Asks: 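First the structure, which I've put down as structure tokens, then a few questions once you've had a look.
Every value quoted in this text rests on a predicted model; they were computed, and no experiment measured them.
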Amino acid sequence: MTTTTPPLLADPTLGADRPRTAAGRVRRRLNSPVATGVSILVAVLWTIPTFGLLVSSFRPEDDIKATGWWKVFTDPSFTMQNYQEVLFGRSAMSGQLASHFVNSLVITIPSVLFPLAFASLAAYALAWINFRGRDWIYIGIFALQIVPLQMALVPLLSFFSEGVTVGGVRLMPAWDLVDEEKFVQVWFAHTCFALPLAIFLLHNFVSQLPGDLMEAARVDGASHPKIFRSIVLPLITPALAAFAIFQFLWVWNDLLVALIFAGGGNETAPLTVRLAELAGTRGNEWQRLTSGAFVSIVVPLIVFLSLQRYFVRGLLAGSVKG
């Protein structure tokens with residue numbers, strides 16, 4: 001005697017057009033009119049202070065100190081004097097941000113490129129080159145992310161000023177850099193601080209590349225440099241762009257590292273150092289901060305808008321398969 005198994009009954013709670021996955025349900029909620037309205041409201045509220053800062057940067061000094069920025073709608077009055085003063089002013093109290101703007105570029109660009117180059121090479125080696133102890137090296141790199149940046153400042157300063165001595169043997173002399181050469185110290189410091197996170201993030205992307213692709217390249221006679229240059233780099237471009245944006249914003253807005261390792265002189269000080277001094281000794285010259293703030297965000301804004309499509313792809317890469 002045989003028995004037949006009754007067919008599975010469909011879940012009556014699932015309609016024909018009802019999403020059957022969590023991702024589908026979330027996507028439907030996020031595309032609803034309510035979610036769209038809330039997003040627009042949050043965006044508007046978040047933008048209002050920035051808009052007020054932008055309006056204030058074009059208002060005369062007396063108006064800024066006397067009334068709020070919203071008075072521009074009833075009593076409009078605009079001037080370029082604030083930007084002229086912070087960029088090209090010659091007095092000691094003026095911004096003189098033009099030269100500091102160049103210093104920020106000199107500091108930031110190498111501080112982004114060096115970690116990207118070293119981290120991408122290290123990520124490939126840790127993911128696809130078999131050598132003894134690579135897992136322990138990766139664990140050590142991962143653990144370095146929890147070390148506070150402030151704990152490394154004194155050892156790095158000692159490294160630059162005294163060199164490295166082990167057992168009475170001088171392994172590396174002191175750097176003894178003059179003011180114009182202290183950019184190298186800032187590049188070195190930012191590279192050291194960025195490498196643990198950069199290697200960790202890029203390793204996750206590189207290790208997810210298809211193994212069959214790597215094996216096929218090796219069968220065709222490709223060496224590791226050839227595989228890295230021709231296969232790995234094009235595939236991890238979104239991840240490189242995503243980290244480049246994070247690193248660029250961090251270095252461009254950094255004050256602590258640049259102030260300690262580059263000093264506060266006009267030859268090497270970045271925008272952030274000068275912006276901290278714009279308010280004056282008594283904090284009563286803050287009208288220059290409005291225009292100075294927008295001078296400082298021009299380059300990060302351009303970088304983000306230029307790389308935003310790679311940024312989104314880099315954040316989403318590896319999150320969905322199939």
Asks: Do the side chains of Val55 and Trp70 get nearer than 4.5 Å, heavy atoms only?
Replies: no
Asks: Under 3.5 Å, side chain of Trp69 to main-chain N/O of Leu54, donor-acceptor pair present?
Replies: no
Asks: List, by chain and then residue number, the residues other than Trp46 in its hydrophobic cluster (Ile/Leu/Val/Met/Phe/Trp/Tyr, side-chain heavy atoms under 4.5 Å); write none if there are no others.
Replies: none
Asks: Between Ser230 (side chain only) and Ile227 (backbone N and O only), is there a donor and an acceptor less than 3.5 Å apart?
Replies: no
Asks: For Arg134, enumerate each residue passing the salt bridge (charged side-chain N to carboxylate O under 4.0 Å, His left out) test, keeping only those at least two apart in sequence or located in another chain.
Replies: none
Asks: Which value, rounded to the nearest 0.5 Å, describes the distance between Leu235 atom CG and Phe205 atom CZ?
Replies: 12.0 Å
Asks: According to the salt bridge (Lys or Arg N to Asp or Glu O under 4.0 Å) rule, which pairs have a member within residues 240-260, sequence neighbours left out?
Replies: none
Asks: Considering only Ile, Leu, Val, Met, Phe, Trp and Tyr, and joining two whenever side-chain heavy atoms are under 4.5 Å apart, list the other residues clustered with Val298.
Replies: Ile302
Asks: For the CZ atom of Phe248 and the CZ atom of Phe243, what is their distance to the nearest 0.5 Å?
Replies: 13.5 Å
Asks: Give a yes or no on whether Ile129 and Val232 share a hydrophobic cluster (residues Ile, Leu, Val, Met, Phe, Trp, Tyr; joining criterion: side-chain heavy atoms under 4.5 Å apart).
Replies: yes
Asks: So, using ring pair (Phe, Tyr, Trp, His ring centres under 6.0 Å) as the criterion, who are the partners of Phe78 when residues are at least two apart?
Replies: none
Asks: Verify the neighbour count for atom CG of Leu301: are there more than 12 heavy atoms of other residues, nucleotides or ligands below 6.0 Å?
Replies: yes
Asks: Quick one: ring pair (Phe, Tyr, Trp, His ring centres under 6.0 Å) partners of Phe118, sequence neighbours excluded?
Replies: none
Asks: Which residues satisfy the ring pair (Phe, Tyr, Trp, His ring centres under 6.0 Å) test with Phe200, sequence neighbours excluded?
Replies: Phe142
Asks: Calculate, to the nearest 0.5 Å, the distance between atoms OG1 and CG belonging to Thr108 and Leu249 respectively.
Replies: 10.0 Å
Asks: Between Leu144 and Leu202, is there shared hydrophobic-cluster membership here, with clusters defined by ILVMFWY side-chain heavy atoms closer than 4.5 Å?
Replies: no
Asks: Can you get from Val147 to Leu195 by hopping between Ile, Leu, Val, Met, Phe, Trp and Tyr side chains that sit under 4.5 Å apart?
Replies: no
Asks: Which class fits the ring pair Trp187 and Phe114: parallel under 30°, tilted 30 to 60°, perpendicular over 60°?
Replies: perpendicular
Asks: Give me the atom names and distance for the closest heavy-atom approach of Asn82 to Ser291.
Replies: O-OG, 3.4 Å
Asks: Among Trp128, Tyr124, Phe131, which one satisfies ring-ring contact (aromatic ring centres under 6.0 Å, His included) with His224?
Replies: Tyr124
Asks: Could you work out, with side chain to side chain contact (heavy atoms under 4.5 Å, CB included) as the rule, every residue matching Pro148, not counting sequence neighbours?
Replies: Gln150, Met151
Asks: To the nearest 0.5 Å, what is the distance between CG (Asp63) and OG1 (Thr79)?
Replies: 10.0 Å
Asks: Quick check for you: to the nearest 0.5 Å, what is the distance between Leu259 atom CG and Thr268 atom OG1?
Replies: 9.5 Å
Asks: With sequence neighbours left out, what residues match Ser120 under side chain to side chain donor-acceptor pair (under 3.5 Å)?
Replies: none
Asks: Thr67: which residues meet the side chain to side chain donor-acceptor pair (under 3.5 Å) condition with it, sequence neighbours left out?
Replies: Arg59
Asks: When clusters are formed from ILVMFWY side-chain contacts under 4.5 Å, directly or step by step, what else is grouped with Ile109?
Replies: Leu113
Asks: Measure the spacing between CG of Leu153 and OG of Ser158 and express it to the nearest 0.5 Å.
Replies: 12.5 Å
Asks: Once salt bridge (Lys or Arg N to Asp or Glu O under 4.0 Å) is applied, what residue pairs with a partner in residues 218-243 remain, sequence neighbours excluded?
Replies: Glu215-Arg218
